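Whatever order the structure lists ligands and atoms in, that order sets their numbers, starting from 1. Just so we're clear, the structure is a prediction, and the values are computed from it rather than from any experiment.
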Amino acid sequence: MHIQDKIQLIPGDLLDQQSLTSAVTQSDPDEIYNLAAQSFVATSWSQPVLTGEFTALGVTRMLEAVRQIKPKAKFYQASSSEMFGKVHETPQSETTPFHPRSPYGVGKVYGHWITINYRESYDMFAVSGILFNHESPRRGLEFVTRKISHNVAKIHLKLQDSFILGNLEAKRDWGFSGDYVEAMWMMLQQDKPDDYVIAMGENHSVKEFVKEAFKVIGVSSWEEHVKTSSEFMRPAEVDFLIGDATKAKEVLGWKPKVDFKTLVKMMVEEDISLLKKNSK
Ligand code: G4F
């Protein structure tokens, strides 16, 4: 059975307090995971105000709905490694200072602190998971990992010969979304609310991701197929992220199962089968 057939959707909008209050009333939840945001970093420069409304103030609206209707429900806020931005120490942990580099990152810092503030002000079970980049075949095509796996799959199937990226030198600590969602759930099963960094503790450049993806289709001359353009460069870049998830490992007992190479292979292979299925 497809996942969509197992769940009931209730409409809600982070810009509309009443819709959130009514969604919490209707669902009467024990656990709430706020994963909603304007989450594409690049768009946050072209829509900074809207990004702030969703990614920052939207968290307060959600917390208010919970506080008013179901204050005993456990609340998870999706904080982000983008809050570390121009990093102040390496690796980044729960105590590393924030220095966001985009309107998105700034909005996430607000969401992070308002969650902690509701915990401290109202004694709510509100936690913040500082997740480093997490990827899967379900990632949107605008994000770099899926853009790469989708285009490499197309090259493999001879549907195109090349594609264009931005900064190939940026480094990210990439993990598998399935592992990271398990960590979110673990955070809400604790007796006490607290904040945790979730990361693999190793990083790779965009270039390494590209090389690895081409390796999956048996191509070593990847440079012949990848161009770069300033169109995909950002006004302020986050150059280097690597997380320290020691606390999550020790307190939650969290252990990721999918490593970098397996993740890249999974994404390229899924895109190849998806393209084949869609061409039938
Ligand atoms: O895949 P990205 O767009 O992800 P980014 O900016 O790291 O943010 C993602 O992870 C965060 C942490 O979990 C989340 F909070 C956030 O919501 C989002 O899910 O870009 C990754 C890197 C950047 O350095 C970017 O400059 O890849 C570089 N890059 C190079 N060429 C590109 C491209 N990014 C995109 N999207 N498209 C390119 O063509």
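Taking atom 39 (O) of ligand 1 as the reference point, the nearest protein heavy-atom neighbour is K147 NZ, 2.7 Å. Atom 26 (O) of ligand 1 has E237 OE2, 2.6 Å as its closest protein atom, hydrogens excluded (heavy atom only). From the protein, the heavy atom lying nearest to atom 30 (C) of ligand 1 is N167 O, 3.2 Å.
No hydrogens or angles considered: a donor-acceptor pair under 3.5 Å links the side chains of H112 and S128. With 3.5 Å as the limit, one finds a donor-acceptor pair spanning the side chains of Q160 and N151. Side-chain contact annotation: E31 with Y33, donor-acceptor N/O pair under 3.5 Å present.
For R139, every heavy-atom contact with ligand 1 shorter than 4.0 Å involves the side chain, none the backbone. Residue S39 touches ligand 1 through backbone and side chain together, judged by heavy-atom distances below 4.0 Å. Only the side chain of R234 comes within 4.0 Å of ligand 1, counting heavy atoms alone; its backbone N, CA, C and O stay farther away. With a 4.0 Å cut-off on non-hydrogen atoms, E142 touches ligand 1 through its backbone and not its side chain. Counting heavy atoms closer than 4.0 Å to ligand 1, residue F132 contributes backbone atoms (N, CA, C, O) but none from C-beta onward.
Salt bridge absent: R138 and E270 never bring a charged side-chain N and a carboxylate O closer than 4.0 Å. No salt bridge links K211 with E208; every basic N to acidic carboxylate O contact stays at or beyond 4.0 Å.
Remark: R146 is not positioned above the aromatic ring of F143, lacking an NZ or CZ atom under 6.0 angstrom from the ring centre and at most 45 degrees off the axis. Relative to the ring axis of F240, K86 does not place its NZ or CZ within 45° and under 6.0 Å from the centre.
In terms of polar-atom proximity, defined here as any N/O pair under 3.5 Å, F232 makes no such contact with ligand 1. Looking at ligand 1, you'll find an N or O of R172 within less than 3.5 Å of one of its N or O atoms. Checking only distances, G166 does come within under 3.5 Å of ligand 1, N or O to N or O.
Near V206, meaning under 4.0 Å from any of its heavy atoms, are these atoms of ligand 1: 27 (O), 28 (C). Taking a cut-off of under 4.0 Å to the non-hydrogen atoms of S80, the atoms of ligand 1 that pass are 11 (C), 12 (C), 14 (C), 15 (F). With ligand atoms numbered from 1 in the order given, ligand 1 contributes 14 (C), 15 (F), 16 (C), 17 (O) to contacts under 4.0 Å with heavy atoms of Y104. Near A170, the atoms of ligand 1 lying under 4.0 angstrom from a non-hydrogen atom of the residue are 24 (O). Counting the atoms of ligand 1 from 1 in the order shown, those under 4.0 Å from a heavy atom of F40 are 3 (O), 36 (N). Near L131, with a cut-off below 4.0 Å to any heavy atom, the atoms of ligand 1 are 12 (C), 13 (O).
The residue among V41, L141, V144 with a heavy atom at the shortest distance from atom 33 (C) of ligand 1 is V144. For the residues T55, L168, N133, the heavy atom positioned nearest atom 5 (P) of ligand 1 is part of N133.
Residues forming a ring pair (Phe, Tyr, Trp, His ring centres under 6.0 Å) with Y110 (at least two apart in sequence, or on another chain): none. Scanning for side chain to side chain contact (heavy atoms under 4.5 Å, CB included) contacts around V106 gives P100, with sequence neighbours left out.
At least one heavy atom of S81 lies less than 4.0 angstrom from ligand 1.
With a 4.5 Å cut-off on side-chain heavy atoms, D195 and R119 count as touching. Side-chain contact check for F132 versus M200: every heavy-atom pair is 4.5 Å or farther apart.
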Derivation and outcome, side-chain contact (heavy atoms from CB on, under 4.5 Å), residues V238 and R172: CA-CA 9 Å; V238 172; R172 290 290 183 276; 3.6 Å; yes

